[in-house]
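Right, one structure below, let's go through it.
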Amino acid sequence: MAGWNADTAAGPLGAGTVTLVEGTSFCISLPNGDIYPDQPHGMFFQDTRILSLWALSVNGQAAEPLTAQTKEPYRAVFAARITRSDGYADTPLIVERMREVGVGMVEHVTVLNYSKEPVECTVTIDAGSDFADVFEVKEARVQRQWEESREVNQNALTIRARWQDIRKSVVVSSDVAEATARGFACQTTIPARGHWSVTLTVAPGSEGTAPAAPVVRPAVGELSRSDRRRQEWVAKIPVLHMGNHSIEKTLRRSYDDLGALRIEDPAHPDRVVVAAGAPWFMTLFGRDSLWASEMAMPVDPSLALGTLQTLADRQGRVVDPVSEEEPGKILHEVRLDVSSGLALGGKSVYYGSIDATPLFVVVLGSVSRWGFAKDTITALLPHADRALDWIRDYGDRDGDGFVEYERLNPRGLINQGWKDSWDGINFADGRLAEPPIALCEVQAYVYDAYMARAWMAYDVGDAPLASELADRAAQLKARFNEQFWMPDRGYYAIALDGNKRQVDACASNMGHCLWVGLVDDDKAPLVAERLMSPEMFSGWGVRTLGTDMGAYNPASYHNGSVWPHDNAVIAAGLMRYGFVAEAQRISTALLEAAEYSEGRLPELFCGFSREQYSEPVPYPTACSPQAWAATSPIQLVTSLMRYDAHVSRGGFWMDPALPPSYGDLHITNAPMAGGRVTIDIANSVPTVQGLPEGMSFHQGHRPWLTELVEQAGLRKKG
């Protein structure tokens, strides 16, 4: 994901923590709804913690949690009871807190009295803000002392803060409770079998400007801004019904989470992009946002277009060792309002990603292949060419034909592929690989970028460029299979190190090479066998590292854990090479794992064997919801559907291989080449209605680009 050097890993959020997310806002609290500054909790808006303290008490007693239920990704209800001071176990006072996150937060608190007598109550809510940025909170390094002032105005408390030349503020208001310097307080008598309620609103602001328009609790029967946003999202995405209701629930949860993780480009509000994940990565990431966009293409291609356009606007222009920016390079992450200097590279935009740049071209090729927004694609082609120039001029550091990385400053990421933890790339004996490091999957993405751009060139009649790029891809494939393959091991090296030695750990990365067709046909069966071996397959999915490797640790971030997105890519690769049973096994295992977390796959879970523990073991600091985990169920199902298009070839292909346990599938409103189609799969037999003019449906497997290259004569055989 990001920021996972040796000293920057996030601490666990704690048992029962509740995370809500909507756009760039998110809130993390205890199970009773309270927030305390000594925990990695808070209400965050644009990477700043605008609430670090939010604690409710009744008659001086804190609320004892009973349940916390997330209604939508942005809304939860908390139920708690107020313990008695006289030692009796039961209490007549129950507190319900309905919380919604948007541009700020609104909370509706109700205290219910279940006794037969009236109860005198003093209800207080302590509020505070340290205006820490997300890195300070995540890494427990909140050290700045803001100069704070508090202004009380009847039912509103304004907290202002200043640090150097930076000013921030937050306004907390109430409909009935009186504001105090500490927060809010109200003395009331709650009648027998009655209740008392208050609504509190938290609005972010900045010194000298009006507070941002906050989330507002609507009147009864009306929709909130977040509800309207969700309703608009639901109206534009496919409607899905599946015989297996558990899988249907998981897919619908994926849709919901993906909708909540959408954020707007501040410079272009019409563009919607995908944030990487909650809680710490509610911002644009190169790799994560591109992968999520790619896997969500059959649901909403506009996410890919918005992500591509936003990344293109920030494409590297100069050489800057501090931020690791280089001409043509695609960024790693953007931080919206980070002022502590703890951001990667110390700047708001950091470019330390080795794979975001080729993935940019790959996703642009996918959007083109699916026939969406031709004018936008044409405008983005120069950015794709600049990305390919970066691969040649900067990505291939030593001219050996492979793309490798080595961080340019001590504050950057040590490892810059998707396994970006400091110890994520190692040899079979556990020794760390030394840079520059050429990852196997990065070569796969570069190969796919060449092929994608070749086809975009072919589509517009530029045969010489198409032929050149197809040739370059063929040379890379031959070179890769010669230098990364380890015949004595029967699998590919995860990388080549700085001395061009094969980094011989057995890792999941090679499955990404299946996805794009970089693996030679004669080697694919051995790769599939190894990925599905007991050392690699946990029963819930393929581990990031084999159990027989020196660095294996089932509770590590990248050295033995199971990542849903990684498995979704592997399953797609297995389907490409005809290993249907293996792909079905991975898909079914992951979709079963989702049942243990209410249909939501987390960023990762531990790699313990299914035989050892009967449920997936959570990883303590996993993001949830997280973008490419949310899109993984979509990728798993569409892979088994063999669901793909190549509009310039006039075709839409489908050859379903869904296991019988999945049941029949009915999809309406599915985007296709600017139109909408209806898909039915009954007993593995597909039918399609509503295809756009000029497109035809083919029941069968779409010819892969490598085959089409031969057909089009873009490259001479041999």
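Side-chain atoms are counted along with the backbone in the values below, which use heavy atoms only and exclude waters and symmetry mates. The residues of the chain are indexed from 1 along the displayed sequence.
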At their closest point, which heavy atom of Leu20 faces which heavy atom of Ala76, and how far apart are they?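 Smallest interatomic distance, heavy atoms only, reads CD2-CB, 3.7 Å.
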Between Cys121 and Asn59, what is the shortest heavy-atom contact and its length?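 Smallest interatomic distance, heavy atoms only, reads CA-OD1, 3.3 Å.
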Should the heavy atoms of other residues, nucleotides or ligands under 6.0 Å from CZ of Arg252 be counted, would the total exceed 12?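 Yes.
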Return yes when atom CD of Glu598 has more than 12 non-hydrogen atoms of other residues, nucleotides or ligands closer than 6.0 Å, and no otherwise.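 Atom CD in Glu598 is not packed in, count stays at 12 or less.
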State, without any angle test, whether [X] and [Y] hold a side-chain donor-acceptor pair at a distance under 3.5 Å.
X      : Y      : value
Ser57  : Thr124 : yes
Tyr74  : Asp227 : yes
Thr544 : Lys419 : no
Glu326 : Tyr351 : no
Ser197 : Thr110 : yes
Asp423 : Tyr557 : no
Glu294 : Gln635 : no
Asp355 : Ser353 : yes
Asp257 : Ser254 : no
His108 : Thr199 : yes

Are the side chains of Val58 and Val95 in touch, meaning some heavy atoms are under 4.5 Å apart?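 The answer is yes, as the side chains (C-beta and beyond) meet within the 4.5 Å cut-off.
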Inter-residue atom distance [X].[atom1] - [Y].[atom2], 0.5 Å rounding:
X      : Y      : atom1 : atom2 : result
Leu359 : Ser293 : CG    : OG    : 11.0 Å
Leu93  : Trp196 : CG    : CH2   : 12.0 Å
Trp418 : Asp288 : CH2   : CG    : 10.5 Å
Arg81  : Gln61  : CZ    : CD    : 12.0 Å
Glu100 : Lys71  : CD    : NZ    : 13.0 Å
Glu151 : Ser169 : CD    : OG    : 10.0 Å

Thinking salt bridges, do [X] and [Y] make one under a 4.0 Å N-O criterion?
X      : Y      : result
Glu107 : Arg97  : yes
Arg230 : Glu232 : no
Glu22  : Arg229 : yes
Asp313 : Arg271 : yes

Report yes if the distance between the aromatic ring centroids of Trp563 and Tyr619 is under 6.0 Å, otherwise no.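 Trp563 vs Tyr619: aromatic centres not under 6.0 Å.
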Assess the pair His332 and Phe285: is the distance between their ring centroids shorter than 6.0 Å?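 Yes, ring centres under 6.0 Å apart.
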Evaluate side-chain hydrogen bond (donor to acceptor under 3.5 Å, both in side chains) for Gln231 paired with Trp233, printing each intermediate quantity in order. CA-CA 5 Å; Gln231 192 176 70; Trp233 160 252; over 6 Å; no
Tell me if a side-chain donor or acceptor on Tyr350 pairs with a main-chain N or O of Leu413 at a distance below 3.5 Å.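 Yes, because the side chain of Tyr350 sits within donor-acceptor range (under 3.5 Å) of the backbone of Leu413.
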